[in-house]
Every structure is written in structure tokens, then in C-alpha cells.
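Below, chains carry the letters A, B, ... as their sequence lines are ordered, and counting in each starts from 1.
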Amino acid sequence: MTIEEVQNQIIEEFEIFEDWMDKYEYIIELGNNLEPYDDKNKTTSNLIQGCQSRVWLNAEMKDGKIIFSADSDAIITKGIIALLIRVVNNRTPEEVMNADFSFIEKIGLRENLSPTRANGLVSMIKNMKAYGLAFYSKEK
Amino acid sequence: MTIEEVQNQIIEEFEIFEDWMDKYEYIIELGNNLEPYDDKNKTTSNLIQGCQSRVWLNAEMKDGKIIFSADSDAIITKGIIALLIRVVNNRTPEEVMNADFSFIEKIGLRENLSPTRANGLVSMIKNMKAYGLAFYSKEK
Amino acid sequence: MINIQKIKQDFPILSQKIYGKELVYLDNGATTQKPIQVIEKLKSFYSEINSNIHRGVHYLSNKSTEEYENARKTVKEFINAKSTKEIIFTKGTTEAINLVAFSFGETFINEGDEILVSQTEHHSNIVPWQMMCKRKGAKLVVIPAKANGELDLEKYKLLLNSRTKLVAVAHVSNSLGIINSVKEIIDEAHKVGAKVLIDGAQAIQHLKIDVQNLNCDFYTFSGHKIYAETGIGVLFGKEETLNQLSPYQGGGDMIKTVSFEKTEYADLPFKFEAGTANYVGAVSIAEAIKYLNNIGLQEIENHEKELIDYATEKLLEIEGLKIIGTSKHKTSAISFVLEGIHHYDAGLILDKLGIAVRTGTHCAEPTMKHFGITGTIRASFAIYNTKEDIDKLVLGINKVKLMFG
Amino acid sequence: MINIQKIKQDFPILSQKIYGKELVYLDNGATTQKPIQVIEKLKSFYSEINSNIHRGVHYLSNKSTEEYENARKTVKEFINAKSTKEIIFTKGTTEAINLVAFSFGETFINEGDEILVSQTEHHSNIVPWQMMCKRKGAKLVVIPAKANGELDLEKYKLLLNSRTKLVAVAHVSNSLGIINSVKEIIDEAHKVGAKVLIDGAQAIQHLKIDVQNLNCDFYTFSGHKIYAETGIGVLFGKEETLNQLSPYQGGGDMIKTVSFEKTEYADLPFKFEAGTANYVGAVSIAEAIKYLNNIGLQEIENHEKELIDYATEKLLEIEGLKIIGTSKHKTSAISFVLEGIHHYDAGLILDKLGIAVRTGTHCAEPTMKHFGITGTIRASFAIYNTKEDIDKLVLGINKVKLMFG
Ligand SMILES: Cc1ncc(COP(=O)(O)O)c(C=O)c1O
Ligand SMILES: Cc1ncc(COP(=O)(O)O)c(C=O)c1O
């Protein structure tokens with residue numbers, strides 16, 4: 001599936017929720033089920049300091065694809081991280097670099113990406129793309 | 001006449017004016033007729049620097065009374081100076097020290113005494129009283 | 001008796017619906033809402049009076065100036081300063097503290113001198129002193145807090161010495177709501193000849209302030225936290241001390257005469273008000289003070305005391321909720337954490353319920369560090385809050401617990 | 001075509017009567033009046049949106065933040081900056097210049113360095129540099145003006161040298177209304193590696209500004225002179241340069257992390273915005289810009305050109321009237337003196353006729369000194385002024401001449 005297809009899939013999944021409660025309960029579930037993050041990767045350089053919640057992001061190359069893993073101390077942030085990873089994980093640097101994340105807005109979570117830097121997600125997206133660019137440049 | 005009597009006299013004089021034009025024309029006349037100020041007294045220490053017009057004020061003791069003389073580069077300021085001098089000239093330090101100048105407000109010239117420091121008149125009144133106090137203290 | 005329902009109606013924003021729910025605004029520590037009286041004053045000022053102050057000889061300019069200087073008088077009376085010369089309008093508490101840090105620093109601070117701030121300060125009462133200390137080679141010394149969030153006055157006394165030049169402490173800590181013993185802090189500092197700045201950003205809207213009685217050297221607060229506009233604040237300083245300080249910013253209105261060879265500064269308070277003052281902001285502070293005086297400061301204090309007592313009682317009934325800062329001397333703000341639930345998660349869900357609280361470090365990272373936490377949920381109250389607001393908060397927290405349980 | 005009568009109706013204050021006479025407001029250089037759109041925006045913001053920005057996760061806080069950051073975007077587009085990181089909100093031009101003087105001084109200025117300012121600057125573009133030069137042991141050098149008030153660019157070029165670190169010049173001089181040749185000034189300064197600050201306080205409301213085209217390093221202006229609130233202003237700075245500067249004020253919102261051991265500053269633009277920003281002020285600037293864009297900047301420029309040409313012609317017909325600053329490159333302000341009549345006297349009488357002009361030194365004493373005078377009468381125009389206003393001014397001046405004749 002392309003990035004766009006995954007995003008559309010997520011948008012469809014979210015269409016069934018009748019109210020914000022259901023939606024957030026699902027995000028909390030996603031957060032709770034996020035793949036465990038290796039504690040040895042909780043380094044300062046992997047840390048994204050939001051004002052409110054902290055995010056750790058790690059990226060590795062495997063067979064020409066980027067493998068992301070991430071964590072946060074807040075569950076809702078983790079839930080959204082799970083969605084982001086689902087979209088760009090195991091993809092080529094070029095794909096990651098050019099990814100758009102417009103689905104976040106479409107599923108009504110835009111307030112979580114406000115420029116307040118509160119949860120670190122805006123920076124996380126930036127960093128994901130930066131990884132894409134970095135690995136892409138290295139390959140050349 | 002007491003200071004109060006002079007003030008009342010001035011207030012009466014101003015009652016005849018029908019509009020601001022007449023009033024200001026009278027003040028301009030007073031300004032033009034203000035006793036000439038001795039140029040040798042245009043010293044920096046006698047200068048009161050308003051933002052707009054400058055005022056010079058000189059005070060001397062003669063037979064236990066204070067003799068004021070003053071000047072300004074603006075005519076309207078000079079006209080008001082003429083009124084102030086008429087009220088407190090040739091009086092004892094104690095009288096000057098305790099003088100109130102409420103007539104200014106009563107003849108509708110309060111805007112000329114705004115705290116904008118524009119014309120230096122507020123400082124001039126302060127300085128007149130300060131002279132009163134200084135000479136009074138010296139006498140004791 | 002104070003009629004809160006009537007007061008509430010003075011605040012148009014409180015009838016807003018958030019996600020279709022009635023707004024429960026408990027973020028008053030961040031900023032207070034504005035009564036219609038203040039909002040209408042802005043409108044009438046800009047529609048009828050507005051003109052630059054201290055500058056023109058014309059009618060509107062005089063009128064604007066008069067309103068501005070009357071606002072200064074209103075503030076002077078509100079905090080019982082000796083003279084309007086002691087009231088400097090700034091853009092807020094932060095600027096006021098920066099002003100003192102710079103000007104006091106330039107005038108009085110030498111290498112090796114010490115500045116004391118407390119463990120529980122807002123960043124705005126830490127960073128300006130750090131910057132100044134760095135520039136001057138002075139030392140920033142921390143007054144430690146006790147486990148309950150109160151300042152440790154015994155240790156404070158031991159820290160004071162002849163090198164101590166200034167002590168900067170909040171009247172009420174913004175992250176904990178604790179009322180510090182400022183009177184004692186001030187008196188002790190004066191014994192070693194140090195000056196004291198009290199950051200009143202969280203006190204002025206809740207407690208009756210008397211700067212002469214406190215005998216502080218500087219007192220600061222922000223308009224936007226006392227029901228007035230953003231972009232305006234107040235620095236009180238004792239006339240004698242302010243006179244000694246070198247000016248902070250240079251520009252129009254703060255000078256007597258300017259030439260390239262020699263510039264003479266104006267007298268107080270103008271010396272510290274460079275550029276076009278936010279005269280409309282100042283007028284809005286005066287209007288807000290008038291509003292508060294009409295209600296009565298004692299009435300306000302009583303009402304807010306009732307609120308915090310009620311909130312404390314109700315919150316403590318919630319299992320897994322822990323109040324941060326358990327001193328008995330508090331006003332109008334309660335910080336707490338929920339066991340196993342991140343403050344950000346809690347805040348997000350409360351928001352969806354129409355309840356506005358603040359979560360995070362509250363610009364007080366060293367305070368969080370003191371308690372070994374990364375943040376709290378803070379509910380902070382104002383005159384228009386009611387016990388029902390607190391009931392709704394409690395219901396909301398229970399919902400949060402359910403969702404993350 | 002621009003419909004001035006309709007525009008005039010947008011400004012409620014213009015229908016005021018002064019001493020029973022229609023207000024003729026010609027003191028726009030000091031501050032402009034506010035259109036109802038801006039006034040209503042303040043009201044609706046405080047009634048529906050207000051909450052502290054960057055601080056909460058709740059709905060209103062996000063909404064406030066969004067409006068604030070959108071205002072930044074609006075300003076960025078208005079002056080064609082490259083990025084919103086280059087737009088710092090300050091309390092006004094004066095603060096913006098003080099910020100640069102301090103931060104640039106701390107970072108770049110050493111003993112013996114030189115700062116150039118012109119003979120015809122506003123005090124706000126002189127005193128901050130004097131203060132900084134004094135602190136740093138640097139030298140303030142004056143770019144001389146010619147007899148007609150234009151800057152002497154030949155002499156300017158001779159003053160530039162490798163010690164020149166910064167040149168600070170007004171885009172339009174406030175006391176004369178002269179448009180300085182800033183493009184040439186900037187290009188020449190860059191040749192010796194100096195940075196350039198342009199004080200745009202009197203330009204932004206009259207001319208289309210393009211900071212990329214100008215290639216200036218800093219550009220400053222005040223909200224209250226561009227139909228917005230008092231207490232808010234803008235500093236534009238090139239991202240690269242701003243990044244190098246040390247911060248100015250410390251406090252909340254300008255930090256990444258704070259501890260007593262080490263404080264890390266936030267990224268641009270927040271690094272220079274300590275404390276609660278005047279977000280309502282910023283929103284009012286955005287609203288004012290929207291208003292101007294709706295009318296059309298070219299339309300405004302044309303209208304104001306017509307006004308100044310008409311005023312110049314009519315004033316020159318008055319015997320004994322001398323225009324101060326006779327350059328052909330002027331906008332929206334005319335300064336003049338009347339033979340044998342003090343400017344204060346003239347201003348007072350004009351005021352009684354309902355005509356608001358500014359008299360005095362216009363916070364530009366060195367400019368007055370250059371012309372050997374103690375002050376002028378200045379009529380300054382805005383979009384809502386008409387030829388009738390100028391006719392009334394002319395009538396007023398004739399009356400003044402009669403009274404003092
Ligand atoms: C050219 C110029 N620079 C600076 C200023 C200062 O602006 P403000 O007082 O808004 O800070 C003014 C306004 O008086 C001005 O005209
Ligand atoms: C205790 C305290 N000090 C200082 C400040 C800073 O005030 P402002 O952001 O209005 O400058 C605040 C407000 O956040 C505060 O609560």
C-alpha cells in the first residue's frame with residue numbers, strides 16, 4: 001500500500017466513530033498497544049521535548065527501508081504516534097521524506113498538532129522527515 | 001489685597017469674556033505687555049525647559065518681599081505668567097509658599113497646566129513656591 | 001453578599017459553549033477573562049478619546065494623557081504606594097522583572113554579588129536574574145522549598161549575607177498557589193541591606209496589597225491576570241531606589257533633552273517609560289480595578305477562600321489524586337497529579353468536556369523538579385467561578401480516570 | 001477609486017466634536033485612529049476567544065494561539081519577510097530598537113566599534129544606541145543631513161568603514177516627513193559588512209514595504225501608527241542574524257528548558273518574546289492590515305500623495321510660513337514654522353478651532369538643532385484625511401496669524 005492508501009484506510013476507520021469519546025478511546029487503545037520502545041534508545045538525542053509530553057523517536061535502516069520506533073509518556077500522544085508510524089514505517093527514505101500527514105487533520109486531531117509545541121508531535125513529524133532526507137542523502 | 005482677593009479679581013475680569021477667542025486675545029495682550037525680563041537673568045539655572053515653550057523665572061528679595069520676573073518664548077505662556085506674577089509678586093515668602101493657584105482652573109485655563117510638561121507652567125508654579133520656601137527658611 | 005451569578009453575567013466569554021458544552025474556565029492563573037465594563041471601556045476610549053499622550057497640546061491628547069495619569073493614580077491607590085512616581089507601566093510582569101534585573105544590575109551589581117530567588121519561582125522570575133548574573137559575574141542563589149512547597153525560611157536566613165544585593169520571590173507561587181511569607185522575607189533581607197522584589201502576578205487579583213506595609217522595594221504584576229488587557233503591567237518601586245537606577249530602555253518620552261553629545265533623562269516615572277506607553281492598556285487596568293473595588297476586595301478574598309477550601313476537600317476525595325503543594329497558606333490555585341495518568345492526557349479529555357485547566361510545568365520547571373514530577377494539572381480560580389465549576393471538574397476527573405483506567 | 005467619505009465613517013472618533021467643532025485630526029504621525037473593524041475585533045476577541053497562548057492544551061488557548069500565529073503570518077506577508085520566524089512582536093518601535101541595540105550589542109559590539117545614526121532620527125532611534133555605545137565603549141557616529149533635510153549620502157559613504165557594525169536610519173523621518181534613500185544606505189552599509197536597521201514607524205502606514213527587496217537586516221514599526229492598538233509593534237530581523245543574537249528579555253515562553261544550572265532558549269521567534277505576548281495587540285495589527293489591504297496599498301499611497309501635494313501648495317501660499325524639510329521625497333507629514341509666532345501658541349489656537357496638529361520638537365531635538373529652530377508645527381495625514389481638512393488647516397493658520405499679528 002502507498003502512504004496515501006494507508007492514510008485513506010485510517011480515515012475510513014475513523015469515520016465510524018460517533019463522538020469524540022469513542023475516537024479518543026480508540027487512540028488510547030492504540031497508545032496502549034504501541035510496540036514497546038527499546039529503553040536503550042531513550043537517549044537525549046532521540047528525545048523531543050514538548051512542553052507537556054515527551055517523545056522519543058528512533059530510526060534505523062534495514063534493507064533500504066526506514067524502521068521507526070517511538071514512545072511518549074502520554075498515552076494520547078502515543079496513540080497518535082502509532083498512527084504516524086503505521087503510515088511511514090518500513091518505507092524508503094524518499095517516501096518518508098515526501099510524506100504528507102494530512103490524515104491527522106481529516107480524522108479531527110488537528111488540535112493535537114497545534115504550534116504550541118505542547119506534545120512534541122509537530123517536531124516528531126519534522127524529525128521523521130529529516131530522517132528520510134538524511135538517509136536519502138546518504139544513499140546518494 | 002490678599003492673594004485670594006487678587007485671584008477673585010482675576011476671575012471676575014475673565015467672566016466678561018463671551019468666548020475663548022476673547023479670552024485668549026486678552027491673554028495674548030497680557031503676554032505682550034509683560035514687564036521686560038532682564039536678559040542677564042536668562043541663565044540656565046533660571047530656565048524651565050518645557051517640551052514646547054521655555055520659561056525663565058527669576059526671584060529676588062526686596063524689603064522682605066519676593067520680586068518675581070519671568071519670560072517665555074511663547075506669548076500665551078507669557079500671558080499666563082503675567083497672571084501668576086500678578087498674584088504672588090511683592091509678597092512675603094510665607095505668602096508665596098502657601099499660595100494656591102486655583103484661579104487658573106476657574107478661568108478655564110486648566111488645559112495649560114496639564115501634566116504634559118508642555119509649556120513649563122506647572123514647573124514654574126512649583127519653582128515659585130520653592131523660592132518662597134527657600135527665602136522663608138533663610139529668614140529663620 | 002457577593003452575587004456570583006450576577007458577576008458571571010459581566011463576563012461575555014463565560015456564556016461561550018466549547019464543543020457544545022458550557023465553558024468551565026479554570027485557567028485563571030494563565031489569564032483572567034474580562035468584564036464587559038473593561039471591554040466597553042476599550043471601545044469607548046478608541047471611539048472617543050484616543051490620541052497619543054504627553055505629546056500634543058491638543059484636546060484629545062490632553063484627554064488621553066489625563067486618563068493615563070489617572071490610571072496611574074488608581075494603581076497607586078490600589079496598592080497604597082506613596083506617590084505616582086513609584087508606578088511604572090510596563091508590558092507585563094516579565095518586562096517589569098527584566099527592567100529591574102537590568103537597571104539594578106547596571107547600577108548596583110558587581111562581580112561576586114549574590115541574588116536570591118526561590119526554588120518555586122516562575123521562569124520569569126528566574127531567567128532575567130540568570131542573564132543579569134551572567135553578565136555581571138554575580139551568583140544566583142536558590143532559597144530551597146520544603147516538602148509541602150513552602151519556602152524554608154530557616155535556610156533562607158542562613159543564605160543572607162553582606163554579598164546579597166537583591167531577593168526576588170513570588171508573593172503567590174503560580175504552580176502551587178502557595179502564599180509565601182513575603183513580609184518576613186522582606187524584613188530579613190533588609191537586615192543585610194538587600195533589596196526585595198516581590199512578583200505579585202498571582203497575588204494582586206486575590207489579595208489586598210499594601211506595598212508600604214509590606215515594605216518591599218519592588219512589586220510587579222500583569223494587567224491580563226487582573227481582568228484587564230494583555231500587553232500592560234505594573235512595576236512599583238520605591239521612589240528613592242528607582243531614582244538611583246539607570247534607565248532600562250531609551251527613546252521618546254523618557255528624556256529631558258537629547259543631543260548627540262549628551263542626553264538627560266526625565267524624572268520618575270517617565271524615565272522608565274520609553275516610547276509610546278500602552279496608555280489604553282493602563283486605562284484598562286484602572287477600569288478593572290474600579291470593577292474589583294465595586295465588588296469589594298474582602299468579598300473577593302472570602303469567595304475565593306471558599307472556593308479553594310471546597311475544591312481541596314472535593315479533590316482529596318478522588319482516589320489516586322495527589323495535591324502538589326500542601327501548605328495551608330494558599331489562594332486560588334490547586335495543582336495535582338493523577339496516579340498513572342499523564343497530565344497532558346488528563347487535560348485533553350477535560351478540555352473535551354468543556355473544562356479549561358492548565359497542565360504541564362506552568363513555566364516553573366525547577367518547582368516540578370523539586371517534587372520529582374514532570375507536570376501537574378492546575379485548576380485556578382477567579383471571582384466568577386462557582387462551586388458548580390468545581391463539581392464539574394470533579395466529574396471530569398472521574399471520567400478521565402475511567403478512560404485511562 | 002478610493003471613497004474617503006466612506007472610509008471616514010469607519011472611524012468613530014472622527015465624528016467627535018471638539019469644543020463644539022468638527023474634529024480635524026492631523027496628528028497621525030503621533031498615532032492613527034482605529035477603524036470600527038479593529039475596535040470590534042478587540043471586543044469579539046475578548047468576548048469569545050481570549051485565553052493565554054502557547055500555554056494550555058484547551059480549546060480557547062489553542063484558538064488564541066492560532067489567531068496570534070496567524071497574525072504573525074499576516075505581518076510576514078504584509079512586509080514580505082521570508083519566514084514567520086523573522087517576525088517578533090514587541091510592544092512598539094521603541095522596544096524593538098532597544099531589543100536590537102541590546103542583543104546586537106551583547107553579541108557583536110566591542111570597544112571602538114562604530115554605530116551610525118542619522119541627524120534626523122527620532123529619539124527612539126538615538127538614545128538606545130547611545131546607551132549601548134556607552135556600555136560597550138563603542139562610538140556613535142552621525143550621518144549629517146543637508147539643508148533640505150535629506151541625508152548627505154556622499155558624506156555617509158565616507159563615514160562607513162570596517163569598524164562600522166550597524167547603521168540605524170528611519171525610512172521616513174517623523175519630524176520632516178522625508179523618505180530617506182534607504183535602499184542605497186543599506187547597500188552601501190553591506191559593502192563594509194555592517195548591518196542595517198530601518199525604523200519604519202512612519203513608513204509602514206504609507207508605503208508598500210518589502211523587506212526582501214530592501215534587503216535590510218532589521219525593520220521596525222508600531223501598531224498604533226498603523227490603525228491598530230497601542231502596546232504592540234513588530235521587529236523584523238533576518239533569520240540568520242536573529243539566530244546569532246543573544247536574547248533580550250528572559251522569562252516564560254522564551255525558553256526550551258530552565259534549571260538553575262542551565263537554561264536553554266527557545267527557537268525563533270519565541271526566543272525574543274519573553275512573558276505573555278500581547279496577543280490581542282498582535283491580532284489587532286492583523287485586523288488593521290486586512291483593512292488596509294481591502295482598500296489597497298497603492299490607492300492609499302496615491303491618496304496620501306495627493307494630500308501632501310495639495311497641502312504643500314496651499315501652505316506655501318501663506319505669507320510668513322516656511323516649510324522645514326524641503327526635499328521632494330516626502331510622505332504624509334509637513335513641518336512648518338510661522339514667522340514671529342511660536343509653535344506652541346499656534347498649536348493652542350488651532351486646537352481651539354478643532355484642529356489637532358502636533359507642535360514642538362517631535363522627539364527629534366537634533367533635527368531641530370540642524371535647522372536652528374526650537375520646534376515646528378506638524379500636520380500629518382492618514383487615509384481618512386481630505387482636502388477639506390487641509391483647507392480648514394489653512395483657515396486656522398490665517399486666524400492664528402491674525403491673533404498674533
Ligand atoms: C520615526 C519614529 N521612530 C520611532 C518612534 C517611536 O515609536 P513608539 O513610540 O511607538 O515606540 C516614532 C513614533 O513616535 C517615530 O515616528
Ligand atoms: C508568578 C508569576 N510570575 C510571572 C509571570 C509572568 O507574567 P507575564 O507573562 O504576564 O509577564 C506569571 C504569569 O504567567 C506568574 O504567574
query = Would you say D:S47's side chain and C:I13's backbone share a donor-acceptor pair under 3.5 angstrom?
reply = no
ask   = Non-hydrogen atoms of chain D under 4.5 Å away: do they reach the side chain of C:Q249, the backbone, both or neither?
value = both
task = Select one option (side chain, backbone, both, neither) describing which atoms of C:V38 are under 4.5 Å from chain D's heavy atoms.
result = neither
Winner by heavy-atom pair count (cut-off under 4.5 Å) against chain D, out of C:L60, C:I97, C:N50, C:L14 = C:N50
N/O donor-acceptor pair under 3.5 Å between D:N52 side chain and C:A30 backbone = yes
Salt bridge C:K17-D:E48, side-chain N to carboxylate O under 4.0 Å = no
message = Using heavy-atom distances under 4.5 Å, tell me whether C:E40 contacts chain D through its side chain, its backbone, both, or neither.
response = side chain
query = Which bit of C:V142 comes within less than 4.5 Å of chain D, counting heavy atoms only: side chain, backbone, both or neither?
reply = side chain
task = Measure C:M132 against the heavy atoms of chain D and call it side chain, backbone, both or neither at under 4.5 Å.
result = neither
task = Under 4.5 Å, counting heavy-atom pairs only, tell me which of D:R135, D:H123, D:Q130 racks up the most with chain C.
result = D:H123
message = Using heavy-atom distances under 4.5 Å, tell me whether C:I49 contacts chain D through its side chain, its backbone, both, or neither.
response = backbone
inquiry  = With a 4.5 angstrom heavy-atom cut-off, is it the side chain or the backbone of C:Q33 that approaches chain D, or both, or neither?
reply    = both
ask   = Checking D:E106 against chain C: side chain, backbone, both or neither under 4.5 Å from a heavy atom?
value = side chain
message = Counting neighbours of OH on D:Y59 that are heavy atoms of other residues, nucleotides or ligands and sit closer than 6.0 Å, is the number greater than 12?
response = no
ask   = Which one, C:S246, C:G250, C:S51, leads in non-hydrogen pairs under 4.5 Å with chain D?
value = C:G250
ask   = Among C:T263, C:L350, C:I232, which residue forms the greatest number of heavy-atom pairs with chain D at distances under 4.5 Å?
value = C:T263
remark   = Residue from C:Y248, C:W129, C:Y279 scoring the most non-hydrogen pairs under 4.5 Å with chain D is C:Y248
key: Residue D:T257 versus chain C: region with a heavy atom under 4.5 Å   = both
ask   = Should we count NZ of D:K21 as having more than 12 external heavy atoms under 6.0 Å?
value = yes
message = Could you walk me through whether D:K43 and C:L42 satisfy the side-chain contact (heavy atoms from CB on, under 4.5 Å) test, starting with their C-alpha distance in whole Å, then the side-chain angles of each, then the deciding distance to 0.1 Å, before giving a yes or no?
response = CA-CA 8 Å; D:K43 187 168 172 178; C:L42 293 181; over 6 Å; no
task = Counting only heavy atoms closer than 4.5 Å, note whether C:N278 contacts chain D via side chain, backbone, both or neither.
result = both
query = Nearest 0.5 Å, what's the CZ-CD distance between D:F260 and C:E121?
reply = 7.5 Å
inquiry  = Out of C:L23, C:T93, C:T94, return the one with the most heavy atom pairs under 4.5 angstrom to chain D.
reply    = C:T94
query = Is the closest side-chain heavy-atom distance between C:M254 and D:V127 below 4.5 Å?
reply = yes
task = Could you tell me the separation between the CG atom of C:D351 and the OG atom of D:S61, rounded to the nearest 0.5 Å?
result = 9.0 Å
Within 6.0 Å of CD in C:Q37, more than 12 heavy atoms from elsewhere = yes
task = Measure the NZ-OG distance between D:K369 and C:S259 for me, rounded to the nearest 0.5 Å.
result = 5.5 Å
ask   = In terms of heavy-atom proximity below 4.5 Å to chain C, should D:F11 be classed as side chain, backbone, both, or neither?
value = neither
